[in-house]
Each structure stands twice: as structure tokens, then as C-alpha cells.
Amino acid sequence: MIEQLLVGFSAALSWTNFLFCFAGVVLGTMVGVLPGVGPLVTISVLLPFTYGAGPMAGIIMLAGIYYGAQYGGSTTAILVNMPGEASSVVTAIDGYQMARRGKAGQALAIAAVASFVAGTLATLLVALFGLSLGRLALSFGPPEYAILLVLGICASIGLSRGPLLQSLGGICIGLLLACVGADVATGSPRLAFGLPELADGLGLVPVALGLYGVTEAIRVLSAPAGSVAEIDPNIPVRPRLSGAELRASVAPTLRGTAIGSVLGVLPGGGAAIASFAAYLVERRTGTRRELFGHGNPAGVAAPEAANNAAAQTSFVPLLALGIPANAVMALMLGALMIHGVVPGPQLADLQPTLFWGLIASMWVGNAILLVLNLPLVGLWVRLSRLPYRDLVHAVMICTCVGAFSVNTSGFEVALVALFALLGWFFLRTGIDPITIMLAFVLGAPLEESLRASLTMSHGDLSVFVTRPVSVTLLLLGGVCLLLLIRSRGRSPRDSQT
Amino acid sequence: MEVGLNAIDEEFVAGTFFLSVASLAWAAASPYRFGSLASIGPGFFPLCLSVALAVIGVALIVRGVAKVEPAPIVWGPVRPLLALAGAILAAAWLLPRAGLATSLLAVMYLTELSGLPGKGWLRWHLFAMFAIALACTIFVGVLGMNLPIFPFW
Amino acid sequence: MIAIHNSRRRVLGAIAAAIALPTIAKASSRPLRMVIPYPPGPPDTFGRLFADQFAAKLGTQIVVENKAGAGGGVGADLVARSQPDGETLLFAAGSLVGSNPYVFTKLMYSPEQLVPIGLASEVNFILTVRPGLGVKTVSALVDLMRREPGRIIYPNGGPGSLPHLAFADFAHGAGVKYNDVPVRGGNAVLAATLGGNGDVFVGVASETLQQYYNEGRLVPLAVFSKERLAQMPAVPTMGESGFPGLALLGYYGLFGPKGLPDSLLKRLGEAVAQVSADPGYRARLTSLYATPGSVSTPGEFASYVKADQAIWSAIVSRTGIRITE
């Protein structure tokens, strides 16, 4: 295995491949920073440019764009509470609070370092256990997924800062939003009100941009003059992370990496929960728990580690099984096919250079990203200290273009306005949008898994307790939930400002 | 128990909202087959969810009305909401028709209406030109998006 | 006087030419828009491969536009409603016109508005089971399904799709019942079966499947084609396994909006035929377990499409698979 890895490294570090990797991660970071503009759009646009370069260089670049976007996605989440992807929503909770207290630099630095550590460890995991991990992922059938997703949604109550009833209502609304779209059994549009644009469901981008980014802008602009303190300009722009802070971030990073690596291999839905799960685990087991929600660095390190680890391990189903885990992986599959390489269970044997070269280049990419992003922290912090009246224009521009770019249609942009209105409403009534977001993201796979499970068992509910993996999940999940509910009862509830 | 128009409790409002959404969802989902546990239809989930949401909504309404000390909802200034939402809607209409530069200019004008503290006319327009040019470079130039910058190009 | 008039005329002529020339040049070299109504990734891959070759044979630049949605309906609708000037074409699976109109009562597009131009590629279907089921032939599977009606799980990744119809016709012909479990997409079908949560499915022949067959993690029972596949000579056809009526395949083709002028149709059709004959393209198709088919004019393709429609509409009537609303 070591020789194969070394062969992989020598291939990854060839001039062409390195250059493509570099280009990929730089583009990916830019794409990630710009909220709404996702890696999917960029990868599809750049796909034709990779034709001439050969399969390996092409895939390396596309992969770089993908995990580079995970690095960049946390930037706007921390700076202006505008998450670029589903996975950055959780980073925004503590990250933005740190920024409001003038510690944006620390937050960004922690995010970068945690992502790097996670990426490195995850890549190692993929190299060592990739094939076995792939087979493990297959043991997750519909009942197991269903349980996992139900647990995830229940656990989101622990994330919410609002009262219990409102959070439950939020979950229902999120699940209803997820029901909009093509029904899994008949393919016909549901709850679409006759609009063809809704026939395939609501996109994540307009919902996230409206509920978070624009709502935050409205909140700041509506606050009474003078109450939104500009950050004290005496706080240094590039503060050094104290040794203590770094040491305190080690454990959360490792925990996040473990959670993200495992969840990332599950095709279709694992990676989305990774950052949520890591944050919740951190809240339960981390130190200085009272700080969570108010700018706890662990609240940034854990989810960032988780989502970057998940980004790396989500390659496993593709490379080990030939099954793409999400839309971006499907694109990679297409790109590989165009170059004449068809991934399947034998890819590692048939195309070892490509397989190990790609894995090695993922590590190289992570290293490049760390070297790139750390110095950029100063730049971002300086930008974030611009008076809000200038920032808000940037936010609005990115929102509109980002939403438009999803499908080159104005409809998605109009949706942002609708969700901004909803977000403002939730702000005024004390409903925390996070339950809606998580339920919305997980709703479709949840419904599909539940329906498939019950159809498989002809309506027999015992299917959830008679399979080994599902029973394990239920027990684990039950324990975690109980602990969460108890801790929720103890910690003080703070209301929205 | 005071329930004046300008002191409506926030839970009451939340509950009313939930109830309305639940009714809307019920209406939209009722044409679909409900099915049974062994053969779940497209309507099963949405209908169950709307019932749950309605129950939660009613609970909140009751709680809101029965409170000894209602927590009145503070709507706050609506100008920022209207300005930003308006800007986004303008972008939704303009982007497919008028090109990137024109739409972004409209967005920036409308955002200003939310009551941002003043800036000189010239300085503002220079800033706007810079921002729009930067946006065009990044989105169309670097990221290669398929967006015309002006209506004719 | 005459001298001034001449020079003025020459100047005017030069100005007119300067204005007209780019417009004329643009018109003849304006890129052709090929709409692929699927998201990037397979089956969009077949389209991009085709577009590459097609651009070369036609001598025009082609811009591929992914317009996914409603199982291909959004893209189909877009092209069906576009101007028949040869600038907007559709690359799509034949099921859009071959089976969808019979299965779905409400379509987002009008199949009559689409005119067939040329055949791009054909793909084959393989009846596949998981090894744990313990069957190696079609008859063994039928026996199993007869002994335990409704127990065998068919993970259905695309209700109303060609694989679904093919399997349903097989089950109907054999007189057996199965448990149809809806899952989201072909990848979920593969994952379900590999993980033991699905028993049998109809897969599109591909290198990925071949690797699973080689490793013994999936078992091919029969191919739904007229003859055995060159890449899998040991796998019998459905005809050889007792189901002669199940010689089915899927195809991808180029379509245009109704009303395309005949000359344009002819030109485009010739280009498609040239692509099919290109040895490089044929080699790529073989590596993708597809075949180029043997159609060379739009007229022949139109008959091909009609024959295909007859097959699937008969299957739909037999099996009663109809998706309403």
C-alpha cells in the first residue's frame, strides 16, 4: 500500500497535475466564498476545458474545486452570517458570533487549520480503508438511513435557540418544504402549485440565502441606530491564535474528523448531517459549554473538520463502488467516463495510478489550501470591517447572482425574496431557522428511506428494530438524544435579538 | 389579559402562521393518494405533517392568548425589508432580460432605499461602478458564467 | 461629379459591407445550441461525447446546455417550443418520445412537436440479481418468484422508465408478482442491491456492472437484446431464456423542433450519420457498452422511432403501467 501511495504522490506532484490541482483549489475557494455559487455550476462549466488534459489532471482539478469550495464556504458564514453551503450553516452559529466580538480572524484561522487536519486525516483513511469503507456504506439500507435521518432532525432541536414548540413547528415546515417536488414513486410534481420550476423541488441555495444572508442584512439594517456596534478598531487585524486556543481546538477537530469521515461515505445524505452532528457532539462533550452559541472556537473547529472530512470521504463510494454519492460526484463520474475511465469496484486494480494519484492529490490540495487561506485571513477580516453600508451591497450582489446562477432563471432569485420575508418573520416571532434548514435538507432522503423501508417490509414497522445496524443506531441515537434533552433543560435559553 | 392590536403576543402570531401554513399544505396535498403503511402514497407525508403543524399552531395560539404577561411582538421598521426584498425581486425580473450590469445597478439603488446613512452622490456612483465591474469580472470572466453583461452583449 | 458619386458610393459600399460582413459571418458560424435535458454526469456523458463529434462533422461550434428537470421534460419542452431554424437541438433518450407519452398522462412537453433527426447510440439492458438470491438463470428466477409471490424486491429507481417497463413486461409474461420499492435513481438501485436490500433489477450495460459481474457481487441473468453482447458472450439473451418477445433496447437520438426545413434536416441527418460511422466514436461507444445503431437518414430514424413507440406502447397496455397526475 505504501508503494502505491508513493506512486500516487509522484504522479500527483508532476507539473501538470500539480498545476491543475492548484487551479482547482483556487477556483474552488473562490466559488465557496461566493455564497450561492456552488461547485456544481463551476465544475460543469469547466468540464470541457479538462478534455485535453487527460483523465487524471482533469479529475484532480475538478476534485480540487469541490473540496476547495468547502474551505471557502465557511468564510462568508463567519463574516456575514451567510452560509455558502448547507454544511456552513452550522459554522455560522459560533463563527459569526466570534466575528461580532472582533475575533473573525481567529475563527477563520481555526476553520482553516481544522479543515486541513481533517482533510489530511480523512485522505489517510481513504487511502488505508477506502475499499472496506465502501462496503460498509452498502450495509446502510433504507431503514438505517431513515433512523439516522430521524435522529438528525430530532437532534436539531438541540441546536435551536428558540422554544420547543416553535422548533417543532420549524421542523414540520422544513419537512413540508422538502416535500415540494417530484414524488419518488410516481415522478409527478407534488405541492408545486402548477409551477414547472417547482416540479423538481426547492433548491437549497434560495432557501439558505433568503433565510440567512438576506435576513441578517435586514436585521442589521433594522436595528436602532447605534445599537449595532462596529467592531473596536483597536483589535488587531491579524491576531495570533494563542497556544491555549490552538490546544483547545485539537479535540474538537479530531472528533469532527471522525464524525465527518464516517458520515461522508454514506451515499446521499451523510455529508449534509456531518457538520450538524459534529457540532451537537461537541456541545455535549466539549469544554466551556456555556460559550456555545456565543462564539466558542470549538463550535467552529468541529463542524469545519467534519464537513471537510466528509468532502474527502464522499469520494469513497465513487472510487470504491462506482456509485456517486451526490450530484457533484455524479459529475465526476461523467468526467471520468468522457475520458474513457469507468469507475467500478475494480478501479483500484485496473487504474492504480489514477486511483492513488487522485488520493495523493487530495492531500496536496489540502496543503495548498492551508498555505493559501491562512494569509488571506487578514484580507477577509479587513474586508469584514468595512462599514456595513458597503458590505450590504456585496451581500446583495452575491445573493442575486448566486441565486440566478443555479438554473439561469429569475425564479430562484424571486424565491430568495420570499424566504427573506419568511426569515424576517421568524426573526420577529422568535423562531430559529436552523430547524427549518436541517429538516429541509434531510426531508427528501428521509421520506424516501421511510417509504422504501415500509414498502420493503409490506408495512411492517418492526423492520426498524429487527436489523442489526438499525438496532445499533437506535440505541446509540436514543442515548444521545436523552443526553441532549437533559442538557437542553439545564442551559439557559437566550432569545433572539 | 390585554390583546390590543399593537400588543399581539409573539407566540400567538407564530401559532397563527403555523396554522395558515398547515391549511395551505393540507389543501395542496389533499388531491394526492394517502395510501396505507404498506403502500404509502404521495399524500401521506404532507398530510401528516400539516396535521402536526396545525396542532402545534393551535397550541401556540392558545398559549399566546392565555398568557398572563403577553410578550408583544415588535415589528420594527419595515423599510429595510421592503427595500431589500424589492431589490431582489427587481433582480429576479431584470437578470434574465437586462444583463448583469443593469440588474446589479438596480439592486444597489433599491438597497439604498433601505435608509443607509448618506454618502456623496459622486462617491457612491464611483463605488457602484467599481462594485459592478468587479462582480462582472469575477462571475463572468473568472467563473465563466453564462450571463450577458448588457442586454445586447 | 461622377468621381464624387463613385467614391461616395464606394465608401458607402465599404461601410455597408463592414456592417453586414460580421453579421453574415456570425449567422453562418453562430454556435448551435444542443440541449441535454439531464444534469451533468451519465447519461449526459453520452450527449457530450456525441456533441464533440457532431461539432467536428458539421463544422460548427456547439454549445452544450444542461437543462435538467422533470425527467427530461423541461429540456424537451424548451426545444419543442424553439424556432425551427436549426439553432436549437435536443439530445435525449428515446424514451421521451418512445414511452413517456404512453406511460404519463400529463407531459410537460408535446412529443409531436419534436422531429427526429438522427440516432446517436443504443444501450442494452441486463437482468441482474444479487448473488445471495441463489439463482443463475432466468427460469430459476421465475421459479423463485412463483414460489414466493411478492417477496422478491425490485428497487425501482425510475417509475415509468424503460428498465421499469422492461422488468414489468418480464414479470407479466412470466405471470409472477414482485415487491416494487421506489428509490431515488439508478445509483440507489445499485447500492440497494449490493447491500442486500434489493433482489433484482434491470441495469443499463456498463463497465461498472461488468466489474461487479467479474467480482461475483452481481449476477447477470440475461440481456434484453436480440443477440448476445460481444463483451459478455456467456450471458444468454432473453430470447434464449424463454422470452422471445423481450428484445428491447434504449437509444439516444438527436431531435429538433417541428418545422425544420427539409434541407436543414438533411444536412443535420448526414452529419449524424457521419458521426455514427466515425471509428473513434464507435470505439468510445464500445468502451461504454453502447452501439451506434444502423440508421443513416432522418427518414430512417423517423421509422425507427415509430417502431420503438409501437413496442413500448404495447408493453404499457399489457402491463398497465400508467402514471397519472
Side-chain angles (χ1 to χ4, degrees), chain A residues 27 30-31 34 37 41-42 45-46 163 165-166 168-169 172-173 175-176 179 183 185-186 188 190-191 193 214 217-218 221-222 389-390 392-394 396-401 404-405 408-414 416-417 420-421 424-425 428-431 447 450-451 454-455 458-461, chain B residues 10-11 13-14 17-18 21-22 25 28-29 32 36-40 42 45-46 49-50 52-53 56-57 59-60 63 73-77 80-81 84-85 87-89 91-93 95-96 100 103-104 107-108 111 114-117 119 127-128 131-132 135 138-139 142-147:
Chain A
L27 274 169
M30 286 183 67
V31 163
L34 294 170
V37 181
V41 173
T42 316
V45 164
L46 291 174
L165 266 184
Q166 275 87 324
L168 286 175
C172 289
I173 293 190
L175 290 175
L176 276 171
C179 285
D183 179 58
T186 59
S188 40
R190 208 170 39 157
L191 295 181
F193 300 102
V214 183
I218 297 177
L221 293 178
S222 312
R389 58 118 52 243
D390 294 327
V392 72
H393 285 295
M396 290 294 287
I397 290 179
C398 287
T399 304
C400 294
V401 180
F404 185 71
S405 72
T408 328
S409 112
F411 183 79
E412 319 279 327
V413 186
V416 176
L421 175 66
W424 170 83
F425 179 79
R428 298 289 173 240
T429 52
I431 300 174
E447 189 195 358
L450 279 175
R451 282 170 77 163
L454 288 171
T455 314
H458 296 285
D460 187 1
L461 280 171
Chain B
E10 61 178 25
E11 293 206 319
V13 175
F17 175 71
F18 283 160
V21 172
Y32 300 105
S36 64
L37 265 189
S39 161
I40 299 185
F45 258 66
L49 286 171
S50 20
L53 191 59
I56 295 175
L60 277 174
R63 208 160 82 174
I73 191 166
V74 177
W75 293 110
L81 169 69
L84 292 188
I88 298 175
L89 287 174
W93 195 83
L95 273 171
L100 197 56
S103 320
L104 291 183
V107 167
M108 291 183 76
T111 310
S114 61
L116 297 174
K119 197 171 188 171
F127 170 71
I132 294 178
I138 296 182
F139 289 110
V142 177
L143 293 177
M145 287 191 194
N146 189 15
L147 304 170

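Here is the naming used below: chain letters follow the sequence lines, and residue numbers restart at 1 for every chain. Keep in mind it's a predicted model, so treat the numbers as computed, not measured.
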Once rounded to the nearest 0.5 Å, what's the spacing between atom CH2 of B:W75 and atom OG of A:S222? 13.0 Å
Once rounded to the nearest 0.5 Å, what's the spacing between atom CD1 of B:I56 and atom CG of A:L165? 6.5 Å
Where does B:L104 contact chain A at under 4.5 Å (heavy atoms): side chain, backbone, both or neither? side chain
Taking B:V74, B:V21, B:I132 one by one, which has the highest count of heavy-atom pairs under 4.5 Å against chain A? B:V74
Given side chains that start at C-beta, do those of B:L84 and A:L221 come closer than 4.5 Å, heavy atoms only? yes
Given that the side chain runs from C-beta out, which part of A:C400 has a heavy atom under 4.5 Å from chain B: side chain, backbone, both or neither? both
Contact part of B:A135 toward chain A, heavy-atom cut-off under 4.5 Å: side chain, backbone, both or neither? side chain
When B:A87, B:A85, B:P77 are compared by non-hydrogen pairs under 4.5 Å with chain A, the top option: B:P77
Max heavy-atom pair count under 4.5 Å with chain B, selected residue of A:T399, A:V416, A:I173: A:I173
Just how far is it from atom CD1 of A:I397 to atom OG of B:S103, taken to the nearest 0.5 Å? 11.0 Å
On a heavy-atom basis, which atom in B:R63 and which in A:P163 lie closest, and how many Å separate them? NH2-CB, 4.3 Å
Show your reasoning for whether side-chain contact (heavy atoms from CB on, under 4.5 Å) applies to A:T429 and B:F18. CA-CA 11 Å; A:T429 52; B:F18 283 160; over 6 Å; no
Given side-chain contact (heavy atoms from CB on, under 4.5 Å), test A:F425 with B:V13 step by step and report yes or no. CA-CA 10 Å; A:F425 179 79; B:V13 175; 3.6 Å; yes
Between A:S409, A:G169, A:C179, A:A414, the one whose heavy-atom pairs under 4.5 Å with chain B are most numerous: A:G169
Might you point out which heavy atoms bring B:M108 and A:H393 nearest each other, and give the distance in Å? O-CE1, 3.3 Å
Spatial distance of atom CZ (A:R190) from atom CZ (B:F45) [nearest 0.5 Å]: 8.5 Å
Select, from A:A417, A:A394, A:A185, the one with the greatest count of heavy-atom pairs under 4.5 Å involving chain B. A:A417
Just so I know, are the side chains of B:Y32 and A:D183 near enough to count as touching, which here means a heavy-atom distance under 4.5 Å? no
Are any of the side-chain heavy atoms of B:I88 and A:M396 separated by less than 4.5 Å? yes
Can you find a heavy atom in the side chain of B:I40 that is under 4.5 Å from one in the side chain of A:T455? no
Region of A:F411 that comes under 4.5 Å of a non-hydrogen atom in chain B: neither
Write down the atom of A:L191, the atom of B:A29, and the distance for their closest heavy-atom approach. CD2-N, 3.8 Å
Determine the minimum heavy-atom distance between A:C172 and B:L53, stating which atoms define it. CB-CD1, 3.7 Å
Per side chain to side chain contact (heavy atoms under 4.5 Å, CB included), A:V401 is matched among B:L100, B:V107, B:I138 by B:L100
